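In listed order, ligands and their atoms are each counted from 1. Only this structure's heavy atoms are used, side chains among them; waters, hydrogens and symmetry mates stay out. Model, not experiment: these values are computed from the prediction.
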Amino acid sequence: MQNILEIENITKVYPGVLALDNVSFSIKKGEVHGIIGENGAGKSTLIKTITGAISPEGGIIRFEGKEYTHLTPQLSKEIGIGVIYQEFNLVPALSVAENVFLGNYSGKGFTVDFKEMNEKTSKAMERIGVRIDPQKLVWGLTVGHQQIVEIMRSLVKEVKLIIMDEPTAPLTKSETEQLFKIINSLKEQGITIIYISHRLEELFELTDRVTVMRDGQYITTLNTSETTMKELIKYMVGRELSDSYPQRQTPIGEEVLRVENLSGNGVSNINFTLHKGEILGFSGLLGCGRTETMQLIYGVVKKTSGKIFLNQQEIEMKNTTDALSKGIGLIPEDRKRNGAFLNMTIKWNNSIGCLRKKLMKYGIVVDEQKEIDLSNEYVEKLKVKTPSVNQLVTNLSGGNQQKVVVAKVMATDAEIMIFDEPTRGIDVGAKQEMYQLIRKMVSEGKSVLLISSEMGEVIGLSDRIVVLHEGRQMGILESDEFDQELILTLASGIEVEERGVRNHG
Ligand SMILES: Nc1ncnc2c1ncn2[C@@H]1O[C@H](COP(=O)(O)OP(=O)(O)OP(=O)(O)O)[C@@H](O)[C@H]1O
Ligand SMILES: [Mg+2]
């Protein structure tokens, strides 16, 4: 098979960071080619040099035999390269078809032929076996469908290579399955795919070959059918990882939080107790009300009925500041919108939640040395890849931004931590570190409410698991009842009474 893309000696330098270090490898025409590597390894940077979003300091990109040293976004599009970034570039107030043709509509004269546009959009959808009303506003689409609109944008042009940077991170399970079908049909039509993901299982399902990057360098390319998860991880992290979860070291203590018939924000009658030193997991399908439940507890949204008890005292949570002052912290699911202040430094983000508590000198000024030390402590703990704590968060890689959000909340020393999808976008090695950290926190007497869509993670870390379905609580499982199938059954709304699943306490 001939190569469609050859990357030769590409180097990209940022202040204090060698993001790409003389990277060379090739992509074959018609293959699905995975790229993996730890957070900050240089995957997204490499993609951006191919799409012309940034220009490298040196190197050549050869596409279909033609050499390019300075690709621009325009040129890259023209020669047939399409990209799906993790943050979509759609205009919510426009229709599906208008978004598909945004910026590249070539109709007759100056008027837009909406009929033709809609038809072309429908045709493109047919090519990959999906059906969305082209006149529907993007505003009302699910994340999965928004992504399809992005894919369509490439398809209505003569696209030859589509690059996807962590496409499944925001998707539900069924949306992921649909995307995989689309990828396979694109492949059948001879379109080449570059696929980046931290979910290694996906690579085995989809790719023909996988390239591993580490610290800005090209490490190796392997035939997927001839490698194993273990081998990939070893190339990625440079060592072997154990796949076991850290075990509990201290006993579970007294009750710290209890909710009784908690309702509002789309959930009703939630009942559970959280104990000192406990990790209480929450499982369920997307939209089952896990995040919504946490928003009630954290004071983002006011409950309509029910009670919340903190250390046996009934409380009313007025707002999130109130929650923090009562010792509850939340690591939100959506780091871009609610998590980090992207245009501020790592240090600033790290201190903002604990200035008054930990970082004041004489009660009035910020102790800058303490601030730097604290920030360095967390950069080290979470292995944030950065030249210094003065780096702007926006300049960090996706996974490292996520770590900053986690650090920011951890630094508040809240007694109760709510983790909502803490490891999304985080590489396998860093996940292990995060698990160790969570385990350590509870060993030191903190308590954790953990939401995760990764079944292995909830089962591996939790002491008990609450399962929700459409805003209702289906049951609370004790650790000896943990079972993937049982959880999925409950999560899909099927009552399992004969197993004696408890639903309170
Ligand atoms: N605009 C920028 N300014 C400074 N440094 C940057 C900038 N963009 C990226 N970097 C650095 O370049 C390195 C590679 O980042 P990149 O985003 O390519 O990583 P990645 O492999 O995509 O990681 P992730 O899995 O976390 O998304 C990181 O150390 C990152 O901090
Ligand atoms: Mg990235």
Side chain or backbone, does [X] bring an N or O within less than 3.5 Å of an N or O on ligand 1?
X	value
L46	no
G37	no
G399	yes
G425	no

Taking only heavy atoms of [X], which atoms of ligand 1 are found under 4.0 Å from at least one of them?
X	value
L396	31 (O)
S397	15 (O), 16 (P), 17 (O), 19 (O), 20 (P), 23 (O), 24 (P), 26 (O), 30 (C), 31 (O)
S44	17 (O), 18 (O), 20 (P), 22 (O)
N39	23 (O), 24 (P), 25 (O), 26 (O)
E166	27 (O)

Answer yes or no: is there an ion pair linking K381 with E377, defined by an N-O contact shorter than 4.0 Å?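 Yes, charged N to carboxylate O under 4.0 Å.
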Quick one: nearest non-hydrogen protein atom to [atom], plus distance?
atom	value
atom 12 (O) of ligand 1	A19 CB, 3.4 Å
atom 13 (C) of ligand 1	G40 O, 3.7 Å
atom 18 (O) of ligand 1	T45 OG1, 2.5 Å
atom 10 (N) of ligand 1	N395 O, 3.2 Å
atom 29 (O) of ligand 1	V17 CG1, 3.6 Å
atom 8 (N) of ligand 1	Y14 CE1, 3.4 Å
atom 27 (O) of ligand 1	G398 N, 3.5 Å

Counting backbone and side-chain atoms alike, is an N, O or S atom of T45 positioned under 2.8 Å from the Mg ion (ligand 2)?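 Under 2.8 Å: T45 has no N, O or S contact with the Mg ion (ligand 2).
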For ligand 1, is Q402 a contact, meaning one of its heavy atoms is under 4.0 Å away?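 The answer is no: ligand 1 sits nowhere under 4.0 Å from a heavy atom of Q402.
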Quick one: does D427 get within less than 4.0 Å of ligand 1, heavy atoms only?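 Per 4.0 Å heavy-atom rule, D427 does not contact ligand 1.
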Decide whether [X] and [Y] meet the rule of one side-chain donor and one side-chain acceptor closer than 3.5 Å.
X	Y	value
Y195	E202	yes
N400	N39	no
H33	T211	yes
D373	Q369	yes
T176	T168	no

Measure from NZ or CZ of K66 to the centre of the six-membered ring of F63 and say whether it is under 6.0 Å with the direction within 45° of the ring axis.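 Cation-pi check for K66 and F63: fails.
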Hey, does the Lys NZ or Arg CZ of K12 hover above the aromatic six-ring of Y14, less than 6.0 Å from the centre and inside 45° of the axis?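 Yes, K12 sits over the ring of Y14.
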Inter-residue atom distance I61.CD1 - T49.OG1, 0.5 Å rounding: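 Taking CD1 in I61 and OG1 in T49, the distance rounds to 4.0 Å.
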Out of Q217, E57, M213, which residue meets the side chain to side chain contact (heavy atoms under 4.5 Å, CB included) rule with L20?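 Per the side chain to side chain contact (heavy atoms under 4.5 Å, CB included) rule, the option paired with L20 is M213, out of Q217, E57, M213.
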Tell me the closest heavy-atom pair linking V159 and G82, and the distance in Å.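 Heavy-atom minimum between the residues: CG2-N, 3.6 Å.
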Please work out which of the three classes, parallel, tilted or perpendicular, describes the rings of Y435 and Y245, given edges at 30° and 60°.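 Ring orientation, 0 to 90° scale: tilted.
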Can you tell which part of E38 has a heavy atom less than 4.0 Å from ligand 1: side chain, backbone, both or neither?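 The answer is the backbone.
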